[in-house]
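Heads up, the thing below is written out as structure tokens.
Each chain gets a letter, A, B and so on, in the order its sequence line appears, and its residues count up from 1.
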Amino acid sequence: MDIEEKTLKRLNSPQELEALRQELQRASSAKSKTITICCGTGCLAYGGAKVAQGFKDEIKARGLENEIEVKTTGCHGFCERGPLVVIRPENVLYQRVKPTDIGEIVDTVKDGNIVDRLLYTIPGTKTKVAHEHDVPFYKKQMRLVFGANGYIDPTSIEDYIGCGGYTALAKTLYSMTPDEVISEVKKSGLRGRGGGGFATGAKWQSTQEAHGDTKYVICNCDEGDPGAFMDRSLMEGNPHAILEGMVIAAFAVGAHEGYIYIRNEYPVAVKHAERAIAQAEAMGLLGRNILGSGFDFTVKINRGGGAFVCGESTALMASLEGRVGEPRAKYIHTSERGLWDQPTVLNNVETLANVPLIINKGSQWYSGIGTANSKGTKIFSLVGKVNNTGLIEVPMGITLREIIYDIGGGIPKNKKFKAIQTGGPSGGCLPESRLDMPVDFDELTRAGSMMGSGAMIVMDEDNCMVDIARYFLSFLEGESCGKCVPCREGLKRMRQILDRIISGRGEDGDIELLEDLSETLTWGALCGLGSGAANPIMSTLRYFRDEYESHIREKRCPAGVCKPLITYNIVEANCPNCTLCIKACPAGAITGRGKKVPVVLDQSKCTKCGACFDVCRLNAVEVR
Amino acid sequence: MVKININGRDFEAEPCQTVLSVAQSAGIDIPTLCHTEAVADYGACRICLVEVERRGRKRLVTSCLYPVEEGIKVTTDSERVKKVRKTIIELLLARCPDSQAIREMAENMGVTESRFALEEKAETGSCILCGLCTRVCSEVVGASAISLVNRGTAREVALPFYDEASSCIACGSCAYICPTGAISLVDAGSKRIISWPNGTVDFQMKQCTRCGSHYAPVRQVEYMIESSGLSPTEFELCPDCRKLD
């Protein structure tokens, strides 16, 4: 506990919480403007920390501390254009802000002018957009869970309380019974956001009903999917919302101890969660006699070593207990026998962050959002070959096309869309014919993919689907714990077969062998990682079988990706000997022959690095 | 008692029993590799998979771990079970082509060769990583001298740091329980030689003060003295000579 936590005053009743909230709101409205600087991991990578410090120094130097507040926040989602700066209350959004822009921005903040050159420009047009809510990336989103990230400083419990934080907890403790909480969550239709999509209320109920003196609530923040970072951003940007969700869950099931399992590779998330716990304890919102209600609940952090399999509930619990993180068969649910064989609720970060909303606004409001069997919103991380990468929160039922084209701004460089991989490595690749499908738990499963973690990786015509399947498979092979035979030996064999196909040594029967192994993994593996591991193969075989066939029968990679199957060639008609490719070629395989005479590519020297193809602006290099 | 049905026949079972134990006591054959009553079930080899129909939903489950439940219908040899088992034994056969036990089990399933390339020079030996040796060592013996190290395809059975045998009492339980013969034990006069997939260690044998025979590893005797609280003098004679006393 540092000095600040020591000065926090303990709250002993909902009335004291409400009084504090009003006081905090008065204090913040005394300052007319707020400059919020996104310090999510993406923006920090672009230099967000320097920008934030710059603003603080500038405001201090100008003596404006009493009028303008400078706030560093968690991730705003639009990582592609970071560092992001938003001037509130108008919500003017500046993107790609550099320390040198700070003076100019501060000049305009008080009088409400706008620095035009830092605004977002809609690609392909010259239209500049001044306000955050008008930027196409944000326009179709519904940022119920994630929105607060842009307004609060994650290291300040006062910020969270000022925004209405912990009111759901007060309501739960003082005006609801555990049964009412469970019933409300059940009626809301909330399903687990970690991947499985199990009904949260039903999970809580079975833990509540399970026999056991000690029960536990665990928050799973072990997100490890390639391309996924929503749990990380929530934990970094709004840790109190997750704590609040955990206390409500604990009250509902009768637990008094909880854990947050965070991978240690998320150092900011660990730091912010640690701080949030210390603050909430100091203010009586966690620990003994929460808000004077007599209810006790403590939370500890457990840092994971970054093993993908530890996101699997039974492996996570083994790891938490100090054993090797290997899963066990779940014939007895963890809600009955989980951590140390006691009834345990294990929920994902995002699931828990939804809980205060449901309690505050009611299940009826919540279940009004989404589709028949998938309620509320879902945060997706949209990455890959898409113009606007970042984190998005959308209502369930939105189509993939809306996500990719309206929010994501389409495919860069006018390339053609080929596939979208959803649900992380155990998910599947969906083709163009599925773009108008509404996105929810059941539709994705029917299409051969899954909601999973919510990672979405967009691929264009330059992606080879066999190569993509191999990428995910080798990721899973590397992350398999190795306990059961189908997963350990099967994944190795599948990867070997794909290696063969990619290198031009594929044989008739390879596809059938892959299908047999897929079936063996799906039905025979011990845990979810193993049984889902065949999905990248099965979905690409389902929608892109012709690519496998071209590789095997014609020894050709249609996307021009698999090095052993392609050659780079000079299209003589297009080549004016600009020599750009000669300069780019690291192998000295290309030579010039004088003005207006096409260059020559020596195949025996070519390493197929593709540098010539990448630099040529005249379509004079082709892949065959 | 709960009523379950296996392959069309009805059985009554205690609620704590597993599908495997009910089937085995009824003489219904379910192959196993990583199961033994000596240690807790683990579910790693997947050879004992059976199909269970519960509330109209069919799925494959690990019979050594699956607790019986009122009304479940079990099929031990459905097409899906046979197909998955067959692929699993092919995977093991490709991993351990020299293991007699695996070859025999495969033949019983009608598999004489694997569709997968054999491991180069069979570098894995006969070890199928079922973990029986490590489980016996920790659960039964209490020594935890060997363990499974690394993960995924790099997983191996090994001594700590591949050569630290200081916890091993040379009892040989690991060699005895190994279903594939991947661990060997040879008593050669004053030495007991145990070979694991990643290391071979010689252990000194204790000599009977009367007949001079080497009757047990020194380490094991020391372990027994410590755990039993008996006097060291109790262990000076070999079992045969003790009977003569």
Side-chain angles (χ1 to χ4, degrees), chain A residues 305 307-310 314-315 323-332 336-337 474-497 499-500 505 507 509-510 512-527 529-531 533-534, chain B residues 18-19 33-34 40-49 51-52 54 58-69 72 78-81 83-96 102 114-117 119 124 128-131 134 147-156:
Chain A
F308 181 73
V309 72
C310 286
T314 57
R323 294 183 288 121
V324 176
E326 281 173 8
R328 62 163 176 81
K330 268 196 283 193
Y331 302 133
I332 298 165
E336 287 163 42
R337 284 211 340 237
S474 69
F475 172 83
L476 290 165
E477 186 194 359
E479 293 293 340
S480 165
C481 76
K483 180 173 177 178
C484 81
V485 176
C487 186
R488 184 187 66 234
E489 304 293 326
L491 281 173
K492 177 170 74 181
R493 298 306 182 172
M494 285 166 105
R495 200 254 312 137
Q496 284 174 354
I497 297 166
D499 278 347
R500 230 169 48 213
R505 291 179 290 118
E507 299 160 9
D510 277 352
E512 290 71 18
L513 202 49
L514 285 173
E515 284 172 335
D516 257 18
L517 282 166
S518 296
E519 194 181 342
T520 304
L521 259 85
T522 307
W523 288 88
L526 175 73
C527 81
L529 188 153
S531 58
Chain B
T18 61
V19 166
L33 275 171
C34 72
D41 281 310
Y42 191 55
C45 75
R46 321 304 291 163
I47 284 290
C48 74
L49 288 172
E51 191 164 82
V52 161
R54 181 174 171 266
K58 284 183 184 172
R59 61 171 174 158
L60 297 198
V61 303
T62 332
S63 64
C64 70
L65 291 166
Y66 198 86
V68 293
E69 222 181 330
I72 54 168
S78 73
E79 283 312 307
R80 176 156 267 149
V81 167
K83 197 173 170 198
V84 171
R85 251 188 223 156
K86 194 171 152 268
T87 311
I88 291 171
I89 202 74
E90 277 185 83
L91 288 167
L92 288 175
L93 197 57
R95 178 187 165 89
C96 310
I102 296 296
S114 177
R115 286 172 291 171
F116 310 107
E119 290 283 353
T124 51
I128 55 165
L129 298 170
C130 65
T134 62
S147 54
L148 289 160
V149 299
N150 300 320
R151 73 168 183 223
T153 45
R155 194 175 171 95
E156 298 178 287

(request) Could you tell me which portion of B:Ile128 (side chain, backbone, both or neither) has an atom closer than 4.5 angstrom to a non-hydrogen atom of chain A? (result)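 For B:Ile128, backbone heavy atoms alone lie under 4.5 Å from chain A.
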(request) Identify which part of B:Arg155 has an atom lying under 4.5 Å from any heavy atom of chain A, answering side chain, backbone, both or neither. (result)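 Side chain only.
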(message) I'd like to know if B:Lys83 pairs up with A:Glu519 as an ion pair, taking the criterion as any Lys NZ or Arg NE/NH1/NH2 lying under 4.0 Å from an Asp or Glu carboxylate oxygen.
(response)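 Salt bridge present between B:Lys83 and A:Glu519.
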Sort [X] into side chain, backbone, both or neither according to what part of it lies under 4.5 angstrom from a heavy atom of chain B.
| X | answer |
| --- | --- |
| A:Arg493 | side chain |
| A:Glu479 | both |
| A:Ala307 | both |

(message) Is it true that B:Thr62 and B:Arg46 share a donor-acceptor pair across their side chains at a distance under 3.5 Å?
(response)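 Judged by distance alone, the side chains do pair up.
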Taking every heavy-atom pair that is under 4.5 Å apart, which of [options] has the most such pairs with chain A?
| options | answer |
| --- | --- |
| B:Pro67, B:Ala154, B:Cys45, B:Ala117 | B:Ala117 |
| B:Val61, B:Leu49, B:Leu92, B:Val81 | B:Val61 |
| B:Asp41, B:Leu65, B:Leu60 | B:Leu60 |
| B:Thr87, B:Leu33, B:Leu148 | B:Thr87 |

(message) Are more than 12 heavy atoms, taken from residues, nucleotides or ligands other than A:Arg500, located less than 6.0 Å from that residue's CZ atom?
(response)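 Yes, because the 6.0 Å sphere around CZ of A:Arg500 holds more than 12 heavy atoms from other groups.
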(request) Mind checking side-chain contact (heavy atoms from CB on, under 4.5 Å) for A:Cys527 and listing every partner two or more places apart, or none if nothing turns up? (result)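 Scan of A:Cys527 (side-chain contact (heavy atoms from CB on, under 4.5 Å), adjacent residues dropped) gives A:Glu312, A:Pro327, A:Leu529.
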(request) With sequence neighbours excluded, tell me which residues meet side-chain contact (heavy atoms from CB on, under 4.5 Å) with B:Glu156. (result)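 For B:Glu156 the side-chain contact (heavy atoms from CB on, under 4.5 Å) partners, ignoring immediate neighbours, are B:Val149, B:Asn150, B:Tyr162, B:Asn198.
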Closest non-hydrogen atom pair, [X] against [Y]:
| X | Y | result |
| --- | --- | --- |
| B:Cys34 | B:Cys130 | CB-CB, 3.6 Å |
| B:Glu51 | B:Arg80 | OE2-CB, 3.9 Å |
| A:Pro486 | B:Leu91 | CA-CD1, 4.4 Å |

(message) Out of A:Leu521, A:Leu517, A:Ile332, return the one with the most heavy atom pairs under 4.5 angstrom to chain B.
(response)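 Option with the top pair count is A:Leu517.
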(request) Count the heavy-atom pairs under 4.5 Å between each of A:Cys481, A:Ala525, A:Gly509 and chain B, then report the option with the highest count. (result)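 If we count pairs closer than 4.5 Å to chain B, A:Cys481 comes out on top.
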